[in-house]
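Note sheet for the following structure.
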2 protein chains.
Amino acid sequence: MTSLMQKIKEVLPQLSDAEGRIGEYVLENPEAVPHMTIKELSEKSSVSEATIIRFCKSIGIGSFKSFKLALMKDLTLTDSNLTDFSALTKKDSPYDLFHKIIHVNKSAIESCADSMDRKELAKAVEAIQHAGKIVFFGVGGSSTAAVDAQYKFTKLGYHSITSLDFHYMLSVIPHLTEKDVFVAISTSGKTKDVLELTRFAQKKGATAIAITTLSKSPLYKEADIRLCTPNVEQDFRIGSIPSRMTQLTVIDTLYMSIFQQIGEKVLQQYYDARSEMENLRR
Amino acid sequence: MTSLMQKIKEVLPQLSDAEGRIGEYVLENPEAVPHMTIKELSEKSSVSEATIIRFCKSIGIGSFKSFKLALMKDLTLTDSNLTDFSALTKKDSPYDLFHKIIHVNKSAIESCADSMDRKELAKAVEAIQHAGKIVFFGVGGSSTAAVDAQYKFTKLGYHSITSLDFHYMLSVIPHLTEKDVFVAISTSGKTKDVLELTRFAQKKGATAIAITTLSKSPLYKEADIRLCTPNVEQDFRIGSIPSRMTQLTVIDTLYMSIFQQIGEKVLQQYYDARSEMENLRR
DNA sequence: TAAATAATGAATTTTAATTTCATAACTCTC
DNA sequence: GAGAGTTATGAAATTAAAATTCATTATTTA
């Protein structure tokens with residue numbers, strides 16, 4: 001049996017006007033449909049509720065509920081689908097947006113695999129593992145990743161620093177040496193503040209690791225080690241949402257890799273922290 | 001990520017008498033359940049319909065419909081998708097870890113759909129839309145989401161506040177009123193600092209929105225609005241990695257929903273910000 | 001051009017999901 | 001071991017969703 005989506009594609013030309021619109025909507029937003037009600041789907045595809053039922057019968061399924069179940073099954077089998085976020089419409093409810101965001105974030109994380117270079121990653125882990133201080137810097141949407149990273153590496157026992165304040169960073173960097181690592185986070189690779197601090201850190205001898213998209217940006221060119229994030233669609237409406245997810249995935253990888261290497265050494269401190277937390281009942 | 005069936009097996013011993021019977025029936029007849037109605041399942045497992053709903057919540061899923069969809073997905077999943085994170089081995093290279101993290105993060109985001117309640121989401125958006133101040137608070141791994149949210153809502157023109165400092169927050173909350181919103185972020189729903197500040201904010205009349213897992217935690221019980229994240233596997237090695245992704249997905253949804261509502265009003269400011277940034281060449 | 005046919009949506013009915021509320025059973029004090 | 005609190009539960013009521021009916025409009029055919 002061919003998949004349900006396949007089946008819809010096949011019968012699409014034979015369908016009537018209204019039913020055809022349903023078919024198109026389903027093919028474009030397969031992830032969202034299983035969570036929708038008839039009413040919602042009817043509004044999205046501008047048809048009546050009755051037509052939805054008729055559509056289900058047209059493609060050989062007895063009820064709308066069965067259709068949703070069948071579609072869900074289909075999706076888990078085929079997996080890769082393209083829901084375009086630009087299909088955002090005025091009438092999207094928060095719940096619709098929720099499902100679109102789930103999809104966009106999932107896709108972004110998935111495509112991380114395409115842009116990462118294993119050798120660069122290995123170099124980054126090596127550099128961090130032997131680092132004295134680790135400084136993270138990102139502005140705007142990229143600051144989230146910097147803050148997250150700072151917390152994670154502190155938990156691992158590192159002297160880990162970040163700040164949103166350019167001037168604060170200016171006072172941190174002079175103390176860096178060849179043993180230290182500066183992690184610059186910038187999606188575009190062109191952010192002036194990030195670039196300037198990166199160059200400053202390199203001048204002090206620190207290793208500069210860039211978490212940025214694979215492009216001809218200054219940051220990409222100048223960094224010592226490049227951890228590339230995929231070029232996820234940049235749309236002002238979604239802003240930095242998906243690119244932040246990719247940055248965090250890279251941070252997670254660095255964290256887990258270091259944990260893997262030095263895990264044994266910090267386990268005791270982990271347990272200490274946890275039991276003390278229980279004592280303090282936090 | 002453990003499968004839904006696995007999850008049911010695990011919690012079975014903790015379930016009450018009636019809920020336990022449901023669990024057993026589901027495990028014995030997993031294929032049948034997605035096509036059943038609540039009434040049918042309640043008859044088959046000799047419990048009331050209300051108990052079925054309670055069972056769904058007990059295993060961390062927001063509604064019976066989501067439960068059926070999740071079960072359907074579970075049944076069609078092949079073993080290939082079960083890259084269990086517990087299969088972490090000593091010899092995993094950073095690149096191996098990278099792929100495992102991609103998988104864990106993707107699964108976490110995917111399962112967000114199961115625990116979210118559309119009505120609660122609508123209530124949250126409504127509350128935030130009309131809010132004066134918005135205060136975000138999370139500690140430990142949840143602070144990342146708080147920081148991210150604070151930034152996003154500031155961009156939307158809100159008076160948006162967060163801090164890691166409990167004492168600072170103590171000085172912020174007295175100024176909250178009925179018009180304001182306090183967003184508490186805690187995976188477990190038991191974090192004392194978060195609970196205390198939430199209660200304080202409620203005492204001042206603010207609406208308390210909880211971003212937490214669906215469970216019988218104090219935060220879940222006491223919040224005015226609950227945005228539930230899925231119960232992703234908690235393993236000390238991966239720490240808060242996947243749960244942070246789910247929290248961020250919820251934040252993204254709130255941000256996009258508000259943007260959708262008030263977007264027109266802030267677009268000019270967005271453009272202003274961008275062109276000024278170009279002037280300053282940042 | 002009129003009758004037959006097909007497509008469609010508004011309104012209604014039926015069915016299912018969810019919530020509320022009352023009650024029974026079970027714990028924990030004092 | 002009496003009473004206060006808590007938990008577990010199902011019956012009943014409410015709300016939401018799905019399915020059907022029926023009237024209307026467009027389209028085809030004789």
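Below, chains carry the letters A, B, ... as their sequence lines are ordered, and counting in each starts from 1.
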Which residues share a side-chain contact (heavy atoms from CB on, under 4.5 Å) with [X], sequence neighbours left out:
X: B:Ser46; answer: B:Arg21
X: B:Lys123; answer: B:Glu120, B:Ile225
X: B:Arg118; answer: A:Thr37, A:Glu40, A:Tyr95

Just the atom pairs and distances: protein N or O near nucleotides 16-24 of chain C's N or O, under 3.5 Å.
| from | atom 1 | to | atom 2 | distance (Å) |
| --- | --- | --- | --- | --- |
| C:dA17 | OP1 | B:Lys68 | NZ | 3.1 |
| C:dA17 | OP2 | B:Ile38 | N | 2.5 |
| C:dT18 | OP2 | B:Phe64 | N | 3.1 |

Worksheet item: Under the side chain to side chain donor-acceptor pair (under 3.5 Å) rule, what pairs show up with a residue in residues 162-173 of chain B, not counting sequence neighbours?
Response: none
Practice prompt. Give me the first and last nucleotide of DNA chain D, going 5' to 3', that has any atom under 4.0 Å from a heavy atom of chain A.
Written response: D:dA17 to D:dT21
Can I get a per-line list of side-chain donor-acceptor pairs under 3.5 Å for residues 203-214 of chain B, giving both atom names and the distance, sequence neighbours left out?
| from | atom 1 | to | atom 2 | distance (Å) |
| --- | --- | --- | --- | --- |
| B:Thr212 | OG1 | B:Ser186 | O | 2.8 |
| B:Thr212 | OG1 | B:Thr187 | O | 3.3 |
| B:Thr213 | OG1 | B:Thr187 | O | 2.8 |

Item to complete: For residues 39-61 of chain B, pull every pair meeting ring-ring contact (aromatic ring centres under 6.0 Å, His included), keeping only residues two or more places apart or in separate chains.
Response: B:Phe55-B:Phe67
Would you tabulate the side-chain donor-acceptor contacts of residues 127-140 of chain B under 3.5 Å, counting partners in other chains and residues two or more places apart, or write 'none'?
| from | atom 1 | to | atom 2 | distance (Å) |
| --- | --- | --- | --- | --- |
| B:His130 | ND1 | B:Glu126 | O | 3.1 |
| B:His130 | ND1 | B:Glu126 | OE2 | 3.4 |
| B:Lys133 | NZ | B:His175 | O | 2.9 |

